[in-house]
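Down below is the structure, laid out as structure tokens.
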Amino acid sequence: MTRPTRSERSGAGNRPQRPARPTGAGPTGSTGPTRGRGLAKTRTSPISTFSALGVVAVVLLAGLGYGYSTRSQDKSGVSEQSSRTLPIGSATQVCQGEIGAGSDTSTSLTAFTPAGNATTGNDGAGIQYVDGGKPFPQLKFGPPGTRSTVQGVNQFISVTDDAGLMRSVPLVLQANGASAPGFTSSEVLRSDTGVQRGMAATPCTTPSTDFWFAGVSVGTGDRDSYLYMANTDNAPATVNLTYYGQSGKIDTGSLGHDITILPKTSMEYLLSSSLGPAAQQSAVASVHVTTTEGRVAAQVLDIDKPLKSDVNTGRGMDFIPAQTPAVAAQMTQTIPGIPAPGNTLTKFDLVITATSDEPVNIDHVYWYGKSGRIELAGQTKDPGNGYTKRDSPMTIDADKTVILNMLGDDQDPTESAAVQIVGSGGSFVSGVRLVESDQKSNTQDSAYLAPTPPVGSQAIVADSNVGGNAKSTLILTSEGSKGSTVQVTTVGADGKPATDSVTIGAGSTVAYTPKATGWFTTIIQPQPGSDPVYGARTLSDLPQKGGMQFTAEDLEDARVSASVPPVAPDLSGAVTR
């Protein structure tokens, strides 16, 4: 397992340069891409496969006296006449093993399952490293309704790759039975010193075949965006990366294509390495991560590089949220969680990428603040410095990425908000980059937000913290004409839930501080009759030693149940004699 070579940078002595190699290795550094690619090259043609199956089906049906035509299933031919919604029986999530560069770096891991979700099957949960399958005894699962957490993990297990360098190994968390419905896990990375100084928080990731990441860095001078991929299955996964830059789709040649992730292994991939010698000093893109075989758990950690004047102090880090194909297909996208600017918010960038072969028209950009919804006008001045002039409406050429400076739109220093983008024409993805700064310590930290669906049933933030200078804030937006009521439940170290009610006016945003102490889990539940509710959790801290630390996490529905389709009792209920 390796990550591709990246350009030398000051203060990067803790990450030595290594040879480029865009494929994975086993947990002891043994290589295996030939095996994975061999499987890909010799895969049976779908056409020939279906042709053979078709011949077999004809013979079988002829022998049974059945014709080729089908008929609609009537009530008597279906044992379950409609889809049923049942609690899920199993949940898999992956927490990446990245750690910071400072000696004081630590990772907090938390898992939580809400109580009261009936299910069948054996209870139980397991936690182990992806590579090698070794156990992780520090984190032990408790019963539903209680927090399972471990604070201050200084070092995950490490393995040596084929370049002789050490890398951390991610964890796979498996919940079954009563522990599965609503199962949520997360990690919080913190470092007060070093080139990765800052705070980053993210939900642990469910394996899938398709991810979008908006606003990644593909430059070599200011930021590094690392893609972490883990294959928890028993078969190889083959991954392809497609980049959409500020000048259009980026031709990376063979780099970033047919990346093999062997079973039960992981990979760290520096995204700018796919551009090779063509990589610029500073460049922003959106990347589409897809698999042609298998599935992976994918996350992107973005790290701001230190300044030349202080090569030992990082300028922040955070995870860039993954977007599903369903979210990326929406022509109206809502990005909640914009914090009140106060005197600390120094950057507010909106990234929009046209992801199809036709231009995207951005017809409206709406601002949901504390006083209601307004439409943002265009920016008449030339923003420069890599930003695009925002017309109203504006057109984005096919396959291109634009960056809009939104900082001037947040004029009320006490107003938190959500941004809604309404487009037409081709499809697009969007995202927000925020930077909070502390003038006294001359430090900053970054956070990323992405469009989310409204919270339907319940969203869970597994890990938050208040106390001292730490502050956790829920930024909740109600879209519609009626307003919304949200029940917020916090569960602390004692396992006892505390409930509060939050009212949100029609078309407005509320910043709410949960009533909790120390570390806690938050459950957010819109009440019946409410308008659609969108939200995010921001977490900030200003430790005496570490300077500004800031992160954000989108609110999304916890996976509690699944729809089971109707079933026929036998073949005669599905085909005609």
Side-chain angles (χ1 to χ4, degrees), residues 78-96 109-130 133-137 139-149 170-187 202-211 230-235 237 263-264 291 294-299 322 324-326 453 455-463 489 491 495 497 521-525 555-570:
V78 180
S79 60
E80 293 294 340
Q81 297 175 13
S82 61
S83 296
R84 295 175 295 162
T85 299
L86 299 176
I88 63 171
S90 178
T92 301
Q93 295 176 9
V94 177
C95 300
Q96 298 298 339
L109 297 167
T110 302
F112 181 83
T113 296
N117 294 311
T119 187
T120 58
N122 297 325
D123 295 346
I127 309 167
Q128 63 182 14
Y129 292 103
V130 175
K134 297 181 180 180
F136 183 77
L139 182 62
K140 299 182 183 300
F141 280 131
T146 61
R147 301 178 76 245
S148 304
T149 185
L171 295 173
V172 55
L173 284 69
Q174 180 75 39
N176 301 302
S179 298
F183 176 75
T184 303
S185 58
S186 71
E187 58 184 325
T202 182
C204 299
T205 306
T206 300
S208 185
T209 62
D210 197 312
F211 304 85
N231 179 6
T232 64
D233 294 329
N234 294 319
K264 309 297 184 183
T291 64
R295 58 178 190 161
V296 295
Q299 289 177 305
T324 66
V455 179
S457 175
Q458 59 181 328
I460 300 173
V461 180
D463 216 7
T489 303
V491 181
T521 293
T522 311
I523 306 171
I524 301 95
Q525 297 172 293
L555 301 184
E556 295 189 20
D557 263 329
R559 187 165 178 257
V560 174
S561 59
S563 179
V564 179
V567 294
D570 54 42

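Basis for what follows: all heavy atoms, side chains included, without hydrogens, waters or symmetry-related copies.
Taking OG1 of Thr110 as the reference point, atom CD1 of Ile460 lies at 12.5 Å (rounded to 0.5 Å). Between atom CG of residue Leu555 and atom CD1 of residue Ile524 there is a gap of 5.0 Å, rounded to the nearest 0.5 Å. To the nearest 0.5 Å, the span separating CZ on Phe112 from OG1 on Thr146 amounts to 7.5 Å.
Closest of all the heavy-atom pairs between Thr209 and Gly294 is CG2-O, 3.6 Å. Taking both residues in full, the closest heavy atoms of Asn176 and Ser90 are given as OD1-OG, 3.3 Å, listed atom of the first, atom of the second, then distance. Residue Cys95 comes nearest to Leu173 through the heavy atom pair SG-CD1, 3.9 Å, listed as atom of the first residue, atom of the second, then distance. For the residue pair Ala297 and Gln96, the shortest heavy atom distance occurs at O-NE2, 3.9 Å. For the residue pair Ala237 and Val296, the shortest heavy atom distance occurs at CB-CG1, 3.8 Å. Taking all atoms of both residues into account, the shortest heavy-atom contact from Ala230 to Val130 is CB-CG2, 4.3 Å.
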> After noting the C-alpha distance and the side-chain angles of Glu187 and Gln299, does the key distance pass the side chain to side chain contact (heavy atoms under 4.5 Å, CB included) rule?
Replying inline: CA-CA 12 Å; Glu187 58 184 325; Gln299 289 177 305; 3.9 Å; yes
Lys264 vs Asn234, side chain to side chain contact (heavy atoms under 4.5 Å, CB included): CA-CA, chis, key distance, verdict:
CA-CA 7 Å; Lys264 309 297 184 183; Asn234 294 319; 3.1 Å; yes
**Study point:** Steps toward side chain to side chain contact (heavy atoms under 4.5 Å, CB included) verdict (Thr521, Thr149)
**Key:** CA-CA 10 Å; Thr521 293; Thr149 185; over 6 Å; no
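A distance-only check finds no donor-acceptor pair linking the side chain of Ser185 to the backbone of Phe183 [under 3.5 Å]. Under a 3.5 Å cut-off, the side chain of Asp557 and the backbone N or O of Val455 do not form any donor-acceptor pair.
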